[in-house]
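Reviewing the structure listed below.
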Amino acid sequence: GYSSDIRAKKHFILMVMLDHKPRYTVQMRLEGTTLRVAQMKDIANRNLNESQKEELQEALNKALNRRTEELQPVGGVEV
């Protein structure tokens, strides 16, 4: 179930902060090597409207792409 998948690192909960304050929670699921959004809610566990979903998805994509770039080997040298 869900709790065993959490322990197996197949499900993750992200807290998204804006201006250093909690604003959204995002449930993500690892499928192979791809991290997929399963659910997005505001901090009070309310559903997001389409505009909020798009904005949050765009911000997550940007943050994850930036982090992926930071983790790439420099100059083709792997550590």
Side-chain angles (χ1 to χ4, degrees):
Y2 180 74
S3 61
S4 62
D5 282 351
I6 290 282
R7 285 190 294 277
K9 296 183 175 120
K10 293 181 182 177
H11 286 272
F12 301 87
I13 302 292
L14 300 178
M15 180 175 49
V16 178
M17 299 179 74
L18 298 175
D19 298 322
H20 305 286
K21 296 176 187 167
R23 182 66 184 102
Y24 301 109
T25 57
V26 180
Q27 180 184 345
M28 303 190 84
R29 180 176 58 246
L30 187 62
E31 296 176 358
T33 59
T34 303
L35 199 55
R36 299 205 185 275
V37 172
Q39 176 175 272
M40 296 185 289
K41 300 279 186 170
D42 77 2
I43 202 66
N45 206 30
R46 289 185 294 240
N47 292 326
L48 305 181
N49 65 38
E50 287 305 313
S51 175
Q52 290 171 314
K53 286 180 184 178
E54 289 174 13
E55 182 180 15
L56 182 53
Q57 187 71 45
E58 185 177 314
L60 282 172
N61 286 338
K62 184 178 179 180
L64 291 172
N65 285 334
R66 183 173 180 180
R67 183 62 180 148
T68 298
E69 290 172 8
E70 290 173 352
L71 296 173
Q72 295 299 317
V74 177
V77 177
E78 293 189 32
V79 179

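- Among residues two or more places apart in sequence or in another chain, the side chain to side chain contact (heavy atoms under 4.5 Å, CB included) test is passed with Asn49 by Ser51, Gln52.
- The salt bridge (charged side-chain N to carboxylate O under 4.0 Å, His left out) pairs that include a residue from residues 49-63 are Glu50-Lys53, where partners are two or more places apart or lie in different chains.
- With sequence neighbours excluded, the residues satisfying side chain to side chain contact (heavy atoms under 4.5 Å, CB included) with Arg7 are Ser3, Ser4.
- Residues meeting the side chain to side chain contact (heavy atoms under 4.5 Å, CB included) test with Glu70, sequence neighbours left out: Arg66, Arg67.
- Connectivity analysis of hydrophobic side chains (ILVMFWY, heavy atoms under 4.5 Å, direct or indirect) links Ile6 to Tyr2, Ile13.
- Every residue two or more places apart in sequence or in another chain was checked for a salt bridge (Lys or Arg N to Asp or Glu O under 4.0 Å) with Glu69, and none qualifies.
- With side-chain heavy atoms closer than 4.5 Å counting as contact, directly or through intermediates, the hydrophobic cluster containing Met17 also holds Met15.
- Every salt bridge (Lys or Arg N to Asp or Glu O under 4.0 Å) that Asp42 has, sequence neighbours left out, goes to Arg46.
- Sorted by first and then second residue, the pairs that involve residues 15-30 and meet salt bridge (charged side-chain N to carboxylate O under 4.0 Å, His left out), not counting sequence neighbours, are Arg29-Glu31.
- Other members of the hydrophobic cluster containing Val16, listed by chain and number, are Phe12, Leu14, Leu18, Tyr24, Val26, Met28, Leu30, Leu35, Val37, Met40, Leu48, Leu56, Leu60, Leu64; membership follows side-chain contacts under 4.5 Å among ILVMFWY residues, whether direct or relayed.
- Residues that satisfy the side chain to side chain contact (heavy atoms under 4.5 Å, CB included) test with Ala8, not counting sequence neighbours, are Lys10.
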